[in-house]
Peer 1: 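Below you'll find the structure I mean.
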Amino acid sequence: MNAVIRESTPSDLLGLLELYTHLHETGLPEDSLHLRQTWAAICENPDYHIIVCEWDGKIVSSCVCNIIPNLTRNVRPYALIENVVTHADYRGNGFASACLQCAKEIAEKSGCYKMMLITGSRSESTLRFYRNAGYFSEGKTAFYLLLDESLMN
């Protein structure tokens, strides 16, 4: 059995929500109109890419790659990577690396001049994972403003 790396489809919503409980979610959100509308907007946005790794029919790893239009750098877009996650039972198999590689290919096809990601993790193994994937933290300082303090980890 081989892992399948692909972009998400509309039928992947429940599998993704279940996977996100291994990121920082504590449970599945209520099935609501807001959830369905948000999912539809994501699925219809050509610049919003959710890459999934499927193993034996189950989504076990994923990342999000947003292509951001830009007026600098010769009017070239950049990619923002978010929600990099692997199910706890499947970590260490290269699935997240494969998802990030797919995101890189999407960014390159889109003409992006850079890819960015921010992690809240202080775990040396997580930071090493991102370095091994080709990302570096030297030379830039990341800031963010959390608009909902109840989401602080």
Side-chain angles (χ1 to χ4, degrees), residues 2-9 12-13 15-29 35 38-55 58-153:
N2 288 333
V4 175
I5 307 298
R6 60 176 176 80
E7 286 203 55
S8 66
T9 65
D12 288 328
L13 177 59
L16 281 166
L17 293 176
E18 289 173 351
L19 177 64
Y20 288 159
T21 64
H22 294 266
L23 182 61
H24 48 65
E25 300 302 315
T26 57
L28 299 180
L35 172 66
T38 300
W39 181 239
I42 288 169
C43 291
E44 293 167 8
N45 184 338
D47 290 328
Y48 199 112
H49 305 270
I50 300 178
I51 297 103
V52 300
C53 174
E54 192 175 52
W55 181 265
K58 178 179 181 166
I59 296 174
V60 298
S61 189
S62 180
C63 73
V64 172
C65 176
N66 279 293
I67 306 301
I68 312 296
N70 183 38
L71 293 175
T72 66
R73 302 292 181 165
N74 204 24
V75 194
R76 291 178 64 190
Y78 60 91
L80 177 61
I81 306 300
E82 280 285 337
N83 299 335
V84 180
V85 59
T86 300
H87 187 291
D89 295 341
Y90 295 86
R91 292 181 182 154
N93 292 297
F95 298 146
S97 295
C99 289
L100 286 175
Q101 179 59 37
C102 183
K104 181 180 176 186
E105 292 166 8
I106 289 168
E108 288 172 337
K109 280 184 196 174
S110 299
C112 293
Y113 79 95
K114 71 177 177 182
M115 297 176 70
M116 296 188 307
L117 68 81
I118 299 172
T119 182
S121 176
R122 301 270 189 254
S123 163
E124 186 54 43
S125 64
T126 300
L127 301 178
R128 186 172 38 255
F129 165 76
Y130 289 127
R131 286 184 198 108
N132 288 342
Y135 294 85
F136 59 95
S137 58
E138 296 77 25
K140 297 271 182 177
T141 302
F143 291 92
Y144 67 97
L145 176 63
L146 194 57
L147 300 176
D148 183 347
E149 291 185 21
S150 70
L151 299 177
M152 289 191 80
N153 292 342

Peer 1: Return the set of residues passing side chain to side chain donor-acceptor pair (under 3.5 Å) with E18 (not counting sequence neighbours), or none when no residue passes.
Peer 2: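 Not a single residue meets the side chain to side chain donor-acceptor pair (under 3.5 Å) criterion with E18.
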
Peer 1: Ignoring hydrogens, what is the shortest heavy-atom contact between T9 and W39? Give both atom names and the distance.
Peer 2: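 In terms of heavy atoms, the two residues are closest at O-CZ2, 3.4 Å.
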
Peer 1: So, for S125 and S123, which heavy atoms are closest and what is the spacing to 0.1 Å?
Peer 2: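 Here S125 and S123 meet closest at OG-OG, 2.9 Å.
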
Peer 1: Nearest 0.5 angstrom please: F143 CZ to I118 CD1, how far?
Peer 2: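 Separation between the atoms: 10.5 Å.
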
Peer 1: Once you round to the nearest 0.5 Å, how far does CG of L23 lie from OG1 of T21?
Peer 2: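 Output value for this atom pair is 9.0 Å.
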
Peer 1: Please list, chain by chain and in numerical order, all residues satisfying side chain to side chain donor-acceptor pair (under 3.5 Å) with E108, sequence neighbours excluded.
Peer 2: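 Here no residue qualifies.
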
Peer 1: Does any pair with a residue in residues 80-94 pass side-chain hydrogen bond (donor to acceptor under 3.5 Å, both in side chains), and if so which ones, sequence neighbours excluded?
Peer 2: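 Sorted result for residues 80-94: H22-H87, S61-T86.
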
Peer 1: For S137, what residues pass the side-chain contact (heavy atoms from CB on, under 4.5 Å) criterion, not counting sequence neighbours?
Peer 2: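 S137 satisfies side-chain contact (heavy atoms from CB on, under 4.5 Å) with no other residue.
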
Peer 1: Could you grab the distance from atom CD1 of I67 to atom OG of S110, nearest 0.5 Å is fine?
Peer 2: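 It is 4.0 Å, given to the nearest 0.5 Å.
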
Peer 1: Please report the interatomic distance CG(N66) to CE(M116), rounded to the nearest 0.5 Å.
Peer 2: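 Here the rounded value is 10.5 Å.
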
Peer 1: What residues, two or more places apart in sequence or in another chain, satisfy salt bridge (Lys or Arg N to Asp or Glu O under 4.0 Å) together with R6?
Peer 2: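 With sequence neighbours excluded, R6 shows a salt bridge (Lys or Arg N to Asp or Glu O under 4.0 Å) to D12, E54, given in chain and number order.
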
Peer 1: How many angstroms lie between atom CG of N70 and atom NZ of K114, to the nearest 0.5 angstrom?
Peer 2: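 Going from the CG atom of N70 to the NZ atom of K114 covers 8.0 Å.
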
Peer 1: Looking at residues at least two apart in the chain, or sitting in another chain, which of them share a side-chain contact (heavy atoms from CB on, under 4.5 Å) with L35?
Peer 2: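 L35: side-chain contact (heavy atoms from CB on, under 4.5 Å) contacts with L13, L17, P29, D31, S32.
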
Peer 1: Mind checking side chain to side chain donor-acceptor pair (under 3.5 Å) for T141 and listing every partner two or more places apart, or none if nothing turns up?
Peer 2: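 Side chain to side chain donor-acceptor pair (under 3.5 Å) check on T141 returns nothing, list empty.
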
Peer 1: Quick one: ring pair (Phe, Tyr, Trp, His ring centres under 6.0 Å) pairs with a partner in residues 105-132, sequence neighbours left out?
Peer 2: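 Output for this query is empty, none listed.
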
Peer 1: Give the table of side-chain donor-acceptor pairs shorter than 3.5 Å for residues 43-52, with sequence neighbours excluded, one pair per line with atom names and distance.
Peer 2:
residue, atom, partner, partner atom, Å
N45, OD1, D47, N, 2.8
H49, ND1, E7, OE1, 2.8
H49, ND1, E7, OE2, 3.3
H49, NE2, P46, O, 3.1

Peer 1: If we only count heavy atoms from C-beta on, is the C65 to I81 side-chain gap below 4.5 Å?
Peer 2: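 Yes, close enough: below the 4.5 Å cut-off.
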
Peer 1: Taking side-chain contact (heavy atoms from CB on, under 4.5 Å) as the definition, give me every residue that meets it alongside T26, ordered by chain and number, with sequence neighbours left out.
Peer 2: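 Counting only residues at least two positions away or on another chain, T26 forms no side-chain contact (heavy atoms from CB on, under 4.5 Å).
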
Peer 1: For residues L100 and A133, report the shortest heavy-atom separation together with the two atoms involved.
Peer 2: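 Looking at all heavy atoms of both residues, the closest pair is CD1-CB, 4.1 Å.
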
Peer 1: Could you pull out all residues at least two apart from R122 that satisfy side-chain contact (heavy atoms from CB on, under 4.5 Å)?
Peer 2: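 Partners of R122 under the side-chain contact (heavy atoms from CB on, under 4.5 Å) test: none.
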
Peer 1: What is the minimum heavy-atom distance between C112 and R76, and which atoms define it?
Peer 2: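 Shortest heavy-atom separation between C112 and R76 comes out as O-NH2, 3.1 Å.
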
